[in-house]
Amino acid sequence: MRFEGKVAIVTGASSGIGRATARLFAKEGATVIAAARRLKRLEDVKHKAEELGYPGRIIPCKTDVRDPEQINRMFDLALEECGHLDILVNNAGMLDGQLPIHETSEEIYDMIYETNQRAVFLCCQRAIRIFLKQGTPANIVNVASAASLRGLKGGTMYVMTKHAVLGLTRNISASFFEKGIRCNCIEPANILTEINKVPRDMGIGIEEWQNRAGLAAPLHTITKPGDKKPTLGKPKDCAHLIAFLADDKEAGYINGAEVKIDAGFLNL
């Protein structure tokens, strides 16, 4: 149990990569503050972990990361329940429906920015303050994206905010390693999750793109209609990579890493 006695916060933990990560951490002995907007789903994750007899535990925390007050309550809960914090996984994110810049309204700008960029900044800021006060080894794993590395066509806000996550990861890794704080990020592409569901349900984005995207991540959509789609990865693939980076024993000298998890798709 590599995370026995560790306390982790995982945002966006009600589905996809976040859910898989919260479950894996609990399986490895961690206490996990599982944060997301959908409390019922978080409770299902908790109950499933209990049914499977995981040695760690999952504490659901209803959180909309667009609200700074709810972010602070999430961290307060970790400290109240456990007295310390060791790991932060910034996973919560939202697509913009592949909208180009000239079709992106101020409302959509605010929604994507607050979810993908400001929330990650605020979570990292609060975590760093806690880590420095504790004076113990700790780390952050950010879920960036293949869109952190490519321009794509459309998807202006998603690309912009995911580039910001990569920049923040680099800055924190360079600033705090001597204090015992590591910060790394993963860059998924073509992972089978529900990330497209929110913009689709809200009617945000380009209908033709929505139809082609299905449940895949955004790079899946740059293939032309009729072309064979790349093989999709699973959330657990990302969860195992996140757990490796969060493990101080196995990855203690890995800092500022930007790890693609895409089955080589970005090399095509």
Side-chain angles (χ1 to χ4, degrees), residues 1-14 17-37 39 41-50 52-65 68-92 119-143 169 172-173 176-177 179-186 238-252 254-255:
M1 294 191 299
R2 54 183 159 172
F3 297 127
E4 184 176 7
K6 300 291 187 180
V7 179
I9 289 176
V10 180
T11 67
S14 63
I17 295 170
R19 178 173 60 192
T21 302
R23 290 184 60 181
L24 179 58
F25 275 33
K27 185 178 181 180
E28 294 278 1
T31 297
V32 183
I33 307 299
R37 291 177 297 171
L39 183 60
R41 284 200 172 197
L42 294 175
E43 291 172 342
D44 290 343
V45 177
K46 174 180 182 291
H47 295 150
K48 184 64 175 179
E50 291 172 345
L52 293 172
Y54 289 168
R57 62 179 178 137
I58 291 177
I59 302 174
C61 180
K62 181 176 172 60
T63 307
D64 185 340
V65 295
E69 290 186 4
Q70 293 189 42
I71 287 176
N72 277 322
R73 286 202 298 271
M74 175 180 71
F75 281 92
D76 291 342
L77 177 63
L79 296 179
E80 291 166 4
E81 289 284 334
C82 308
H84 66 105
L85 180 67
D86 304 288
I87 300 164
L88 167 66
V89 179
N90 282 308
N91 167 71
V120 176
F121 172 85
L122 292 175
C123 286
C124 286
Q125 182 184 61
R126 180 72 192 276
I128 291 292
R129 288 171 175 167
I130 293 171
F131 295 159
L132 289 173
K133 185 176 181 180
Q134 290 176 169
T136 55
N139 64 82
I140 297 169
V141 183
N142 292 323
V143 177
T169 299
I172 291 174
S173 69
F176 296 101
F177 184 69
K179 298 290 187 180
I181 302 168
R182 297 186 295 114
C183 185
N184 298 287
C185 72
I186 70 169
C238 295
H240 283 288
L241 177 56
I242 290 169
F244 168 73
L245 292 172
D247 186 345
D248 288 326
K249 183 178 180 180
E250 298 294 332
I254 298 176
N255 183 43

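Quantities reported herein were computed from a predicted structural model and do not represent experimental measurements.
- Just one of Asn90, Asn255, Asn142 meets the side-chain hydrogen bond (donor to acceptor under 3.5 Å, both in side chains) condition when paired with Thr169; it is Asn142.
- Across all non-hydrogen atoms, the minimal contact from Ala26 to Val32 is N-CG2, 4.0 Å.
- Surrounding CD of Glu4 are at most 12 heavy atoms belonging to other residues, nucleotides or ligands under 6.0 Å away.
- Using a 4.5 Å heavy-atom threshold, the side chains of Leu39 and Glu43 count as touching.
- Using a 4.5 Å heavy-atom threshold, the side chains of Ile181 and Leu132 count as touching.
- For the pair Ile140 and Ala127, the tightest heavy-atom approach, listed with the atom from each and the gap, is CD1-CB, 4.5 Å.
- In this structure, the side chain of Asn139 does not engage the main chain of Cys183 through any donor-acceptor pair within 3.5 Å.
- Between the side chain of Lys27 and the main chain of Tyr54, no donor-acceptor pair closer than 3.5 Å is present.
- The two residues Gly18 and Val10 come nearest to each other via the heavy atoms O-CG1, 3.6 Å.
- With contacts defined as side-chain heavy-atom distances shorter than 4.5 Å, the pair Ile59/Lys46 does not qualify.
- The shortest side-chain heavy-atom distance between Thr11 and Thr63 does not fall under the 4.5 Å cut-off.
- Distance SG/Cys124 to CZ/Arg129: 12.0 Å, rounded to 0.5 Å.
- To the nearest 0.5 Å, atom CD1 of residue Ile172 and atom CD of residue Gln125 are 9.5 Å apart.
- Not counting sequence neighbours, Arg23 has no partner by the side-chain hydrogen bond (donor to acceptor under 3.5 Å, both in side chains) test.
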**Message:** Under the criterion side chain to side chain contact (heavy atoms under 4.5 Å, CB included), I'd like the reasoning laid out for Cys185 against Val143: C-alpha separation, chi angles, the key distance, then a yes or no.
**Reply:** CA-CA 6 Å; Cys185 72; Val143 177; over 6 Å; no

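- Between Cys61 and Glu81, the closest side-chain pair of non-hydrogen atoms is not below 4.5 Å.
- Across all non-hydrogen atoms, the minimal contact from Val7 to Cys82 is CG2-CB, 3.5 Å.
- You'll find the side chain of Ile254 reaches within 4.5 Å of the side chain of Phe244, heavy atoms only.
- Listed by chain and residue number, Phe25 satisfy the ring-ring contact (aromatic ring centres under 6.0 Å, His included) test with Phe3 (two or more places apart in sequence, or in another chain).
- Taking CZ from Arg57 and CD from Glu50, the interatomic distance works out to 10.0 Å, rounded to the nearest 0.5 Å.
- Taking 4.5 Å as the limit, some side-chain heavy atom of Ile87 sits within range of a side-chain heavy atom of Val89.
- When atom types are taken as modelled, the side chain of Gln70 and the backbone of Val65 share no donor-acceptor pair closer than 3.5 angstrom.
- Atom CG in Leu24 sits 9.0 Å away from atom CD1 in Ile242 (nearest 0.5 Å).
- To the nearest 0.5 Å, atom CG of residue Leu79 and atom CE of residue Met74 are 11.0 Å apart.
- Salt bridge annotation for Arg182-Asp247: absent, with no cationic side-chain nitrogen under 4.0 angstrom from a carboxylate oxygen.
- Taking the side chain as every heavy atom from C-beta outward, Cys123 and Phe75 approach each other to under 4.5 Å.
- Shown here for Asp86 and Pro137, the closest heavy-atom pair between the two residues is OD1-O, 4.4 Å.
- Between atom CD1 of residue Ile9 and atom CZ of residue Arg126 there is a gap of 8.0 Å, rounded to the nearest 0.5 Å.
- Of the options Leu85, Ile58, Leu77, a side chain to side chain contact (heavy atoms under 4.5 Å, CB included) to Ile33 is made by Leu77 and by none of the others.
- The pair Arg2-Asp248 does not count as a salt bridge, with every side-chain nitrogen at least 4.0 angstrom from each carboxylate oxygen.
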